[in-house]
Enquirer: 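What follows is a structure written as structure tokens; I'll ask about it next.
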Amino acid sequence: MSQDSDLPPAKKFKTGSPLFPFSRKTVMLAGTRKSQIPVELQRRNLPIFQARAQLIGQLRQLDSVVLIGETGSGKTTQVPQYLYEAGIGRQGIIAVTQPRRVAAISLATRVSEEKKSELGKLVGYTVRFEDITSEETKIKFLTDGMLLREAIGDSLLRRYSSVILDEAHERTVHTDVLFGIVKAAQKKRKELGKSPLKVIIMSATMDVDQFSQYFNSAPVLYLEGRQHPIQIYYTKQPQSDYLQAALISVFQIHQEAPSSQDILVFLTGQEEIEAMTKTCRDIAKHLPDGQPQMMVMPLYASLPPSQQLRVFQGTPKGCRKVILSTNIGETSITITGIKYVIDTGMVKAKKYSPESSLEVLAVQRVSKAQAWQRTGRAGREDSGVCYRLYTEDEFEKFDKMTIPEIQRCNLASVMLQLLALKIPNVLTFDFMSKPSPDTIQAAIEQLHLLGAIERKEDQIILTPLGRKMAAFPLEPRFSKTILLSPKFHCTEEILSIISLLSVDSVLYNPPSKRDEIQAVRKKFISSEGDHITLLNIYRAFKNLGKSKDWCRENFVNSRNMTLVSDVRSQLRNICIKMSMPIESSRTDLVNIRQCLAHGLFMNTAELQSDGTYTTTSTRQPVAIHPSSVLFHCKPACVVYNELLHTSKCYMRDLCVVDADWLYDAAPEYFRRKLKTAKN
DNA sequence: GAGCACTGC
């Protein structure tokens with residue numbers, strides 16, 4: 001399979017930087033083929049169809065199965081139909097979970113077409129804000145988070161005869177918790193003599209042993225995908241500057257390859273991608289005659305949707321598309337026509353350290369699994385080529401798998417959910433990959449401080465407040481803030497603020513338009529901090545009919561703003577269901593800030609005599625983030641939404657508070673902290 | 001004095 005050769009892809013390119021040679025390997029990865037043939041024929045043409053009878057036989061017999069199949073095997077669309085057509089578990093619903101909303105929606109649409117039934121009848125989907133199912137629905141696609149929510153109401157998942165956990169290799173927090181939930185539900189249903197629960201884990205070719213072992217040595221079935229050969233080139237020497245290396249590779253390929261073949265480059269973040277976009281465009285302008293044109297497109301999540309869509313558009317004849325992407329291009333967005341992938345081997349990812357309860361965002365090496373995922377993007381329609389900007393020796397030293405998210409994040413929400421699910425002992429919950437005891441302990445401590453839990457005879461139980469908190473699709477401290485708000489007569493305002501905080505930033509901040517933005521934003525700015533400023537922006541948005549034009553004029557992300565509005569009405573409905581009084585504080589902003597102080601007291605920082613800030617909880621030196629309206633101010637005491645560790649440790653989204661309010665909110669906590677500070 | 005990978009309820 002592998003054949004080494006000293007074949008640099010091009011020798012003509014000159015930028016004054018040395019060329020570096022690559023060594024070559026060929027591997028087979030899966031791809032999908034587009035087709036215009038009728039649906040039934042397409043179903044029969046899928047690689048999985050040959051195995052249909054055998055597969056149905058196996059699925060009928062087994063309680064748990066791990067199904068390994070590469071992209072293009074058709075497993076996600078076909079297995080639910082096979083179960084249904086064979087009448088397996090006819091008495092219940094077949095659930096298929098997905099990590100992403102768009103996937104759940106498009107798969108449901110696809111399968112309902114194949115079954116020639118209207119979407120929402122036999123085949124439906126459930127995602128946040130959207131439930132397209134009915135009494136008739138037997139095959140239901142849903143996000144993993146949605147199934148987890150449903151489990152809080154019924155931990156035995158009684159409505160379902162089968163649960164298919166798809167894309168299990170991605171190991172999202174939600175999928176990882178679901179592993180434990182479905183395993184426990186299956187066992188419990190058996191013990192109680194109820195109808196059995198079939199569990200099917202679907203994954204790309206990774207982690208097989210771990211999945212199988214966890215599900216009581218479940219058999220592993222392999223499905224073939226459609227294979228397209230991919231040539232892999234490693235650099236012969238380690239590259240000290242991966243950006244420079246990527247740049248050279250792009251133009252080497254550009255000189256050699258037919259212009260219809262597009263290039264996808266994996267980089268780490270917005271800033272880097274914008275800079276590289278500019279450099280590529282500048283160089284492309286001055287290429288010698290006779291070379292193809294080049295269209296360079298950035299791709300990252302916070303890019304406005306209109307610009308994201310550009311990567312799907314065709315280019316004029318004789319023009320090559322070069323897409324510079326974050327890891328959004330690994331799984332979330334699939335671009336057709338990619339022939340070449342350039343993998344820098346770097347990624348920006350979050351790490352969590354429980355001792356400082358800090359989340360750190362840092363550029364680091366990808367795992368082998370991630371590198372393969374990137375490589376696979378080159379061979380989706382046809383054979384492809386992947387340039388890895390690292391040596392084969394370096395690759396061998398990469399971690400095998402990306403550390404699952406559950407071992408890299410704050411577990412407060414997860415622990416609250418497990419408690420709401422009535423898991424007997426959350427400290428010993430059967431995670432497939434156990435988080436560290438420190439992280440679990442830190443989460444329990446947080447929930448305790450929020451008043452969500454109490455200890456009773458060595459058991460941790462949910463308080464009535466904690467039970468209410470679990471009803472909100474929010475981080476526990478946000479739920480708590482909402483539940484406190486009636487006391488301060490400002491629930492309407494707090495609902496707006498919490499909704500604003502719980503989605504991505506609604507503010508666009510392109511550096512090129514900084515002065516313009518500052519002028520426009522002036523009218524909303526509150527000296528009391530970002531929360532009140534955001535509230536002002538939301539109020540204006542709402543009063544002016546939620547208009548898109550208004551958003552554009554004010555550099556507000558209208559997509560995120562609409563999401564805020566949806567989240568708000570969802571949260572408000574939950575409040576109504578709890579019979580919470582919902583009042584508006586109108587012009588009184590003090591109440592709102594008091595309420596925030598009571599909810600976010602754990603995130604407090606105080607001004608020191610030298611003009612710097614220190615967190616109250618861990619005495620960590622912190623600074624006000626440049627995006628804050630308080631950036632140039634020095635309030636004595638603030639609460640913040642989150643800490644972000646980049647070049648410094650920054651507080652984001654701040655609110656000015658009185659120290660007295662904080663002592664009122666948690667007297668015991670602050671008495672203890674004060675003592676520690678003095679020692 | 002200066003900056004934010006990606007999902008999801």
Side-chain angles (χ1 to χ4, degrees), chain A residues 97-104 126-131 142-153 167 170-178 266-274 299-303 325-333 344 346-351 359-364 366 370 373 402 405-406 408-409 413-414 416-417 420 469-476 478-479 499 502-505 507-511 514 557 563 566-567 570-571 574 611-613 623-628 630-634 641-653:
Chain A
T97 70
Q98 293 293 318
R100 282 169 293 280
R101 293 167 55 92
V102 278
T126 306
V127 297
R128 191 178 188 183
F129 310 128
E130 245 187 306
D131 183 10
L142 70 178
T143 44
D144 46 17
M146 208 65 217
L147 187 60
L148 206 52
R149 278 274 137 204
E150 284 189 14
I152 293 178
E167 309 286 4
E170 288 194 25
R171 305 294 305 272
T172 69
V173 173
H174 289 154
T175 319
D176 265 35
V177 177
L178 277 176
F266 284 105
L267 298 165
T268 67
Q270 173 177 345
E271 205 179 290
E272 187 176 284
I273 285 171
E274 289 296 348
L299 180 63
Y300 46 87
S302 61
L303 199 68
S325 173
T326 59
N327 43 359
I328 195 173
E330 263 171 36
T331 49
S332 305
I333 292 183
T344 57
M346 306 305 281
V347 68
K348 202 179 274 186
K350 205 178 256 179
K351 296 184 206 165
E359 294 182 321
V360 182
L361 201 59
V363 172
Q364 49 199 298
V366 297
Q370 220 173 344
Q373 181 72 33
T402 310
E405 203 186 347
I406 196 121
R408 288 185 288 130
C409 69
S413 305
V414 170
L416 185 66
Q417 267 170 349
M469 283 165 64
F472 290 93
L474 294 170
E475 282 176 51
F478 289 159
S479 316
S499 306
S502 70
V503 310
D504 283 341
S505 174
L507 307 176
Y508 279 126
N509 288 310
R514 215 166 48 184
N557 181 327
L563 189 60
D566 289 345
V567 170
Q570 185 188 27
L571 300 179
I574 295 170
T612 64
Y613 284 87
I624 298 177
H625 195 276
S627 67
S628 171
L630 298 176
F631 184 50
H632 292 288
C633 311
K634 294 247 179 258
N641 186 24
E642 62 174 354
L643 287 182
L644 188 85
H645 200 112
T646 51
S647 62
K648 261 192 211 171
C649 194
Y650 287 106
M651 302 178 276
R652 274 213 296 197
D653 295 319

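Chain letters run A, B, ... following the sequence lines, proteins first, then strands; residues in each count from 1. Everything numeric in this text was worked out from a predicted model, so none of it was measured.
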Enquirer: Whole angstroms only, please: what is the OH-C1' distance between A:Tyr650 and B:dA2?
Expert: 6 Å
Enquirer: So, taking the atom named CD in A:Glu330 and the one named CD in A:Gln370, what distance separates them when rounded to the nearest 0.5 Å?
Expert: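 Output value for this atom pair is 4.5 Å.
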Enquirer: Choosing from B:dA5, B:dT7, B:dG1, which nucleotide comes nearest the side chain of A:Lys634?
Expert: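 For A:Lys634, the side-chain atoms sit closest to B:dG1.
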Enquirer: What is the separation between atom CG on A:Leu571 and atom P on B:dG8, rounded to the nearest whole Å?
Expert: 17 Å
Enquirer: By the 4.0 Å heavy-atom rule, please label A:Thr326 as base, sugar-phosphate, or nothing.
Expert: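 Sugar-phosphate: the residue A:Thr326, judged by heavy atoms under 4.0 Å, touches backbone atoms but no base.
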Enquirer: Calculate the interatomic distance between A:Leu267 atom CG and B:dC6 atom C1'; express it in whole Å.
Expert: 16 Å
Enquirer: Does A:Lys648 reach a base, just sugar-phosphate, or nothing at all? Heavy atoms under 4.0 Å.
Expert: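 If one applies the 4.0 Å heavy-atom cut-off, A:Lys648 turns out to touch nothing in the nucleic acid.
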Enquirer: Among the nucleotides B:dG1, B:dC9, B:dA5, which one has an atom lying closest to any side-chain atom of A:Lys348?
Expert: B:dA5
Enquirer: Name the nucleic acid region contacted by A:Arg652, choosing base, sugar-phosphate or nothing; use a 4.0 angstrom heavy-atom cut-off, strictly under.
Expert: base
Enquirer: Hey, which sits more toward the 5' end of DNA chain B by its nearest nucleotide, A:Leu644 or A:Gln98?
Expert: A:Leu644
Enquirer: Tell me the interatomic distance from A:Leu303, atom CG, to B:dC4, atom P, rounded to whole angstroms.
Expert: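 Going from A:Leu303 (CG) to B:dC4 (P), I get 18 Å.
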Enquirer: Would you kindly give the CG-to-P distance between A:Leu416 and B:dG8, to the nearest whole Å?
Expert: 21 Å
Enquirer: What pair of heavy atoms forms the shortest contact from A:Ile624 to A:Cys633, and how long is it?
Expert: CD1-O, 3.8 Å
Enquirer: Figure out the CG/P separation between A:Leu563 and B:dG8, and round it to whole Å.
Expert: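 Rounded to the whole Å, the gap is 10 Å.
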Enquirer: By the 4.0 Å heavy-atom rule, please label A:Arg100 as base, sugar-phosphate, or nothing.
Expert: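 Here A:Arg100 touches the backbone only, sparing every base.
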Enquirer: Give a yes or no on whether the backbone of A:Lys350 and the side-chain of A:Arg408 come within a donor-acceptor separation of less than 3.5 Å.
Expert: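 Present.
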Enquirer: So what does A:Phe472 touch, heavy atoms closer than 4.0 Å: a base, only the sugar-phosphate, or nothing?
Expert: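 No contact.
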Enquirer: Identify, with sequence neighbours excluded, every residue that meets salt bridge (Lys or Arg N to Asp or Glu O under 4.0 Å) alongside A:Glu274.
Expert: none
Enquirer: If you find the nucleotide of DNA chain B closest to A:Glu271 and the one closest to A:Glu405, which residue's nucleotide is nearer the 5' end?
Expert: A:Glu271
Enquirer: Measure from CD1 on A:Ile328 to P on B:dC6 and round the result to the nearest Å.
Expert: 6 Å
Enquirer: Out of B:dC9, B:dA5, B:dG1, which has the shortest distance to the side chain of A:Lys350?
Expert: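 Selected nucleotide: B:dA5.
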Enquirer: From the list B:dT7, B:dG8, B:dG3, which nucleotide is the closest neighbour of the side chain of A:His174?
Expert: B:dG8
Enquirer: Which part of the nucleic acid does A:Leu361 contact within heavy-atom distance under 4.0 Å: base, sugar-phosphate only, or nothing?
Expert: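 Base contact - A:Leu361 has a heavy atom under 4.0 Å of at least one base atom.
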Enquirer: Tell me whether the OP1 or OP2 atom of B:dC9 has a side-chain N or O from A:Thr143 closer than 4.0 Å.
Expert: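 So the side chain of A:Thr143 is within the cut-off, an N or O lying under 4.0 Å from OP1 or OP2 of B:dC9.
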Enquirer: Is there a donor-acceptor contact under 3.5 Å linking the side chains of A:Gln270 and A:Ser302?
Expert: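 Distance-only check passes for A:Gln270 and A:Ser302.
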Enquirer: Are A:Tyr300 and the base of B:dA5 stacked, counting only ring centres nearer than 5.5 Å and planes tilted under 30°?
Expert: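 Not stacked: fails the 5.5 Å / 30° test.
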Enquirer: Looking only at side-chain atoms of A:Pro626, point me to the closest of B:dA5, B:dC9, B:dG3.
Expert: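 Nearest listed nucleotide: B:dG3.
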Enquirer: Residues in ring pair (Phe, Tyr, Trp, His ring centres under 6.0 Å) with A:His625, at least two apart?
Expert: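 A:His625 satisfies ring pair (Phe, Tyr, Trp, His ring centres under 6.0 Å) with A:Tyr650 only.
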Enquirer: Nearest-Å distance, CZ (A:Arg128) to P (B:dT7)?
Expert: 15 Å
